[in-house]
Undergrad: 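Next up is a structure, given as structure tokens.
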Amino acid sequence: MDSPDADGVLAEQLLRLTRRLHRSQQRQLETAGIAITPAQSRLLRIVAHYDRPPRMADLAARLEVVPRAVTSLVDGLEASGRVRRAPDPDNRRVIRIELTDTGRDTLRQLRSARRAAAEDILAPLTAEQREELGGLLSTLVDGDQAAARACGEAASLRRS
């Protein structure tokens with residue numbers, strides 16, 4: 001009898017967990033009355049990470065999409081008052097994308113919904129299990145260096 005493909009089983013579990021997290025976050029957002037697509041929320045998070053408002057080309061490169069796709073996302077976010085297009089002070093031909101107060105508030109609500117969804121999903125785990133899961137996920141997402149940092153930080157917190 002053939003043994004099951006362990007990596008395939010893990011991949012399926014990760015996909016199911018991701019879907020469950022997404023559904024839980026969507027329920028949190030719906031409860032809060034926030035209407036935003038996953039792509040729009042990703043773009044909003046990316047805009048927030050720039051030191052100065054990014055250009056459309058910067059966003060397209062960061063998202064690894066064609067500029068037209070960013071235009072559609074920005075149009076939707078602008079229509080909802082979450083971002084605004086602003087001329088670059090150094091080059092009037094360049095348009096930059098700025099977060100509005102509504103956009104910053106939406107980001108806070110997105111973070112809150114993500115935290116609530118994570119708390120819901122992680123509820124069955126002990127603090128130690130959560131720490132272990134965090135280290136494993138860091139290894140997969142960021143590589144060995146990030147996991148080493150996370151484990152080191154967790155160890156120093158335990159000693160405090």
Side-chain angles (χ1 to χ4, degrees), residues 7-8 10-123 125 130-131 133-151 153-154:
D7 288 341
L10 281 173
E12 182 61 30
Q13 288 174 316
L14 287 170
L15 285 171
R16 287 176 36 215
L17 182 61
T18 301
R19 286 185 198 118
R20 187 171 162 217
L21 181 65
H22 176 74
R23 282 192 308 269
S24 180
Q25 182 176 338
Q26 284 304 110
R27 279 192 304 275
Q28 297 287 332
L29 292 173
E30 288 170 11
T31 300
I34 304 294
I36 190 167
T37 68
Q40 287 174 332
S41 41
R42 183 171 180 223
L43 183 70
L44 210 54
R45 287 191 312 270
I46 288 171
V47 170
H49 279 93
Y50 278 88
D51 292 334
R52 70 184 276 207
R55 301 172 305 143
M56 298 280 263
D58 298 329
L59 296 171
R62 181 84 177 267
L63 289 167
E64 298 177 351
V65 298
V66 295
R68 177 71 192 127
V70 173
T71 300
S72 297
L73 289 172
V74 169
D75 287 347
L77 289 170
E78 190 173 38
S80 66
R82 293 180 173 120
V83 299
R84 71 175 148 260
R85 288 175 167 92
D88 184 300
D90 301 324
N91 182 348
R92 356 177 258 181
R93 293 174 294 162
V94 173
I95 298 295
R96 295 201 173 265
I97 307 305
E98 298 178 340
L99 279 178
T100 63
D101 289 341
T102 300
R104 282 184 274 284
D105 185 50
T106 299
L107 278 171
R108 280 189 290 278
Q109 291 174 313
L110 286 167
R111 285 185 201 107
S112 177
R114 191 170 40 246
R115 271 192 305 276
E119 287 172 14
D120 178 46
I121 287 173
L122 298 173
L125 301 180
R130 289 179 187 207
E131 185 178 315
L133 177 62
L136 293 170
L137 291 173
S138 291
T139 298
L140 295 174
V141 172
D142 302 324
D144 292 335
Q145 291 178 348
R149 278 194 312 273
C151 289
E153 290 168 2

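Just the heavy atoms: all of them, side chains too, but no hydrogens, waters or symmetry mates, feed the values below.
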Undergrad: Quick one: which residue pairs count as a side chain to side chain donor-acceptor pair (under 3.5 Å) with a foot in residues 51-61, not counting sequence neighbours?
TA: Arg52-Asp88, Arg55-Asp58
Undergrad: Can you measure from CG (Leu137) to CZ (Arg130) and round to the nearest 0.5 angstrom?
TA: 13.0 Å
Undergrad: Who passes side chain to side chain contact (heavy atoms under 4.5 Å, CB included) against Gln25, sequence neighbours left out?
TA: Leu29, Leu110, Ala113, Arg114, Ala117
Undergrad: Using the test side chain to side chain donor-acceptor pair (under 3.5 Å), find all partners of Asp90 that sit at least two apart in sequence or belong to another chain.
TA: none
Undergrad: If the condition is salt bridge (charged side-chain N to carboxylate O under 4.0 Å, His left out), which residues does Arg19 pass it with, not counting sequence neighbours?
TA: none
Undergrad: What pairs of residues pass the salt bridge (charged side-chain N to carboxylate O under 4.0 Å, His left out) test when at least one of them lies in residues 27-43, not counting sequence neighbours?
TA: none
Undergrad: Ala32: which residues meet the side chain to side chain contact (heavy atoms under 4.5 Å, CB included) condition with it, sequence neighbours left out?
TA: Ile34
Undergrad: What pairs with Ser80 under side chain to side chain donor-acceptor pair (under 3.5 Å), at least two apart in sequence or on another chain?
TA: Arg82
Undergrad: Would you compute the distance between atom CD of Gln26 and atom CD1 of Ile36 and round it to the nearest 0.5 angstrom?
TA: 9.5 Å
Undergrad: Any side-chain to backbone donor/acceptor pair from Thr18 onto Leu14? Under 3.5 Å, distance only.
TA: yes
Undergrad: Counting only heavy atoms not in Asn91 (residues, nucleotides, ligands), do more than 12 fall under 6.0 Å from its CG?
TA: yes
Undergrad: Which residues pass the side chain to side chain contact (heavy atoms under 4.5 Å, CB included) test with Ala61, not counting sequence neighbours?
TA: none
Undergrad: Output side-chain donor-acceptor pairs under 3.5 Å for residues 62-71, partner residues at least two apart or in another chain, one line each.
TA:
residue : atom : partner : partner atom : Å
Thr71   : OG1  : Pro67   : O            : 3.2

Undergrad: Rounded to the nearest 0.5 Å, what's the gap from CD on Gln28 to OG1 on Thr31? Could you check?
TA: 6.0 Å
Undergrad: State which residues pass salt bridge (charged side-chain N to carboxylate O under 4.0 Å, His left out) with Arg85; sequence neighbours excluded, sorted by chain then number.
TA: Asp75, Glu78
Undergrad: Which value, rounded to the nearest 0.5 Å, describes the distance between Leu107 atom CG and His49 atom NE2?
TA: 9.0 Å
Undergrad: If you round to the nearest 0.5 Å, how far is OH of Tyr50 from CG of Leu59?
TA: 5.5 Å
Undergrad: Side chain to side chain contact (heavy atoms under 4.5 Å, CB included) with Leu17: which residues, sequence neighbours excluded?
TA: Ile121
Undergrad: Check for a donor-acceptor pair, side chain of Thr106 on one end and backbone N or O of Thr102 on the other, with a separation under 3.5 Å.
TA: yes
Undergrad: For residues Ile95 and Pro87, report the shortest heavy-atom separation together with the two atoms involved.
TA: CD1-CA, 4.2 Å
Undergrad: For Pro38, is there any backbone N or O sitting under 3.5 Å from a side-chain donor or acceptor partner on Ser41?
TA: yes
Undergrad: For Arg84, enumerate each residue passing the side chain to side chain donor-acceptor pair (under 3.5 Å) test, keeping only those at least two apart in sequence or located in another chain.
TA: Glu98
Undergrad: Is any side-chain heavy atom of Leu122 less than 4.5 Å from a side-chain heavy atom of Leu133?
TA: yes
Undergrad: For a quick test of reading the model, state the closest non-hydrogen atom pair linking Leu43 to Leu77 and the distance between them.
TA: CD2-CD1, 3.6 Å
Undergrad: List the atom of Pro54, the atom of Val47, and the distance in Å for their closest heavy-atom pair.
TA: CD-CG1, 4.2 Å
